[in-house]
Amino acid sequence: MASLTAASRLVVKIGSALLVDKETGAFRGDWLRSIAEDIAQIRARGTDVILVSSGSIALGRGILGLPRSALPLEQSQAAASVGQIRLAREWEEALAPHGVVTGQVLVTLEDSADRRRYLNQRATMETLLGFGVVPIVNENDTVATDEIRYGDNDRLAAQVAVTVGADQLILLSDVDGFYSANPQQDPAAFRFEQIDEITPEIEAMAGDAGSGLSKGGMKTKLMAAKTATAAGCAMAITEGSVLHPLQALEDGANATWFTSRLDPHAARKGWIAAMKPCGAVIIDAGAAQALGQGRSLLPVGVTGAEGSFGRGDPVAIRDQRGATLGQGLTRYTAEEARRIVGLHSWETEAALGYPGRAVLIHRDDMAL
Ligand code: GLU
């Protein structure tokens with residue numbers, strides 16, 4: 001059975017209905033302070049935490065005095081703009097007393113669909129986590145129009161979990177798990193404790209009703225589970241409205257866990273290995289040895305670049321005799337790579353005319 005205490009990198013998705021009272025529209029400050037304590041405790045045992053927090057539109061709606069009915073796109077985007085700044089401040093003020101620094105990350109669907117932007121996002125997140133920061137993520141609702149929106153933070157959270165290589169994703173929801181049918185309509189409905197495989201039967205069990213404030217119903221949660229588990233990340237759905245919801249989950253609160261047979265590291269390597277390379281980099285014997293020891297590929301070990309590739313593209317890694325050693329996602333274009341072959345990291349700026357990345361292919365972006 002999966003357990004939250006085992007997480008080394010945790011993404012927690014917080015729905016709007018948890019932060020904003022459905023009836024009164026009031027902000028639930030006590031609840032926020034209680035989960036902030038849980039988060040601080042989880043951080044203190046060395047687990048990286050990323051929060052995907054909804055609530056910008058719900059908060060902005062109240063501040064602007066807009067009705068609770070569905071809003072036209074421009075108005076919900078305006079509400080998101082007003083609400084997001086408040087949302088970020090609430091998180092900062094709740095976590096700061098525990099010595100936890102927060103950072104805001106607003107993303108759109110394009111940021112993960114485009115490999116270059118995805119790698120950029122990943123690098124920034126990694127840097128934030130390295131500083132011990134808790135990133136507070138939401139969709140950039142103000143600029144995302146319907147065609148390019150996630151629209152629901154369940155799938156956004158799964159995408160974030162995949163991007164940062166999280167091993168667990170917790171969806172704090174208004175239901176305590178995944179049911180065989182809608183428990184409000186079917187007295188025979190039962191909750192699954194654990195789902196190891198999302199079969200067509202399981203998919204057929206997800207209705208599509210969302211709650212009043214949040215966008216995602218069970219269908220989007222199941223899509224999130226598919227995305228997460230395919231990348232080696234386990235996912236739990238649990239009831240979030242109680243005070244200290246993460247502590248409650250650790251103490252055995254009702255939940256459904258979707259398990260994964262993979263680990264995030266292996267899943268990512270498999271993903272990289274399965275791509276069709278756009279070109280190749282040729283490396284010397286010293287670099288080949290370094291890669292074998294799990295190190296990144298530096299420009300100094302590269303003797304040539306073939307083909308035309310852009311930043312973030314998959315390229316084959318070949319040795320001097322033409323044997324393919326593996327492949328990886330490059331941080332330089334083919335043209336840039338050719339300009340910096342054989343150079344030490346401190347020499348690349350002069351060759352390029354701008355400061356470049358330290359490595360050509362990072363070891364995390366490489367499958368040998
Ligand atoms: N991004 C939206 C917001 O912050 C929430 C989407 C959702 O409820 O899933 O208001």
Side-chain angles (χ1 to χ4, degrees), residues 11-22 25-28 31-32 35 50-92 94 102-112 121 135-161 163 169-175 206-228 235 237-241 245:
V11 175
V12 184
K13 184 260 172 172
I14 292 131
S16 303
L18 302 176
L19 289 164
V20 180
D21 189 284
K22 228 181 288 184
F27 185 73
R28 297 182 64 217
W31 182 85
L32 187 76
I35 193 174
I50 297 108
L51 303 178
V52 175
S53 177
S54 305
S56 69
I57 296 173
L59 278 169
R61 191 192 283 269
I63 297 170
L64 293 176
L66 297 169
R68 249 183 273 161
S69 50
L71 299 173
L73 181 64
E74 304 79 47
Q75 284 191 13
S76 66
Q77 292 187 307
S81 164
V82 170
Q84 180 62 34
I85 204 164
R86 164 92 190 272
L87 183 63
R89 190 183 76 222
E90 295 287 357
W91 278 115
E92 182 185 31
T102 45
Q104 176 175 266
V105 179
L106 297 179
V107 292
T108 61
L109 197 53
E110 287 172 318
D111 293 323
S112 54
Q121 189 192 139
I136 314 288
V137 186
N138 197 357
E139 183 160 15
N140 196 345
D141 290 312
T142 331
V143 298
T145 57
D146 268 348
E147 314 81 71
I148 57 156
R149 284 187 87 206
Y150 281 99
D152 69 87
N153 277 3
D154 295 328
R155 284 179 306 154
L156 172 67
Q159 197 57 58
V160 167
T163 301
L169 164 64
I170 311 294
L171 300 185
L172 294 181
S173 173
D174 52 3
V175 285
D208 45 14
S211 70
L213 279 177
S214 68
K215 282 279 178 138
M218 269 305 151
K219 221 171 203 140
T220 67
K221 290 183 175 50
L222 210 53
M223 285 164 78
K226 276 185 158 178
T227 303
M235 188 188 103
I237 300 173
T238 190
E239 154 73 54
S241 67

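Counting starts at 1 for both ligands and their atoms, in listed order. Quick caveat: nothing in here was measured; it's all calculated off a predicted structure.
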### Query
Is the side chain of E139 donor-acceptor paired with the backbone N or O of Y150 at a distance under 3.5 Å, no angle test?
yes
### Message
Within ligand 1, which atoms have a heavy atom of S56 less than 4.0 Å away?
### Response
3 (C), 4 (O), 10 (O)
### Task
Can you sort out which atoms of ligand 1 are near N138, meaning under 4.0 Å from one of its heavy atoms?
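With N138 as reference, the close atoms of ligand 1 come out as 1 (N), 3 (C), 4 (O).
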### Message
When you measure from the heavy atoms of G55 to every atom of ligand 1, does any distance fall below 4.0 Å?
### Response
yes
### Query
Taking 4.0 angstrom as the limit, do K221 and D154 come out as a salt bridge?
yes
### Query
Heavy atoms only: which of V52, I57, D141, N153 is nearest to atom 7 (C) of ligand 1?
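Looking at heavy atoms only, N153 sits closest to atom 7 (C) of ligand 1.
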### Closest approach of L172 to G240 (non-hydrogen atoms, all atoms of both residues)
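Shortest heavy-atom contact: CB-CA, 4.0 Å.
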### Query
Are side-chain N/O atoms of Q104 and T102 paired as donor and acceptor at under 3.5 Å?
no
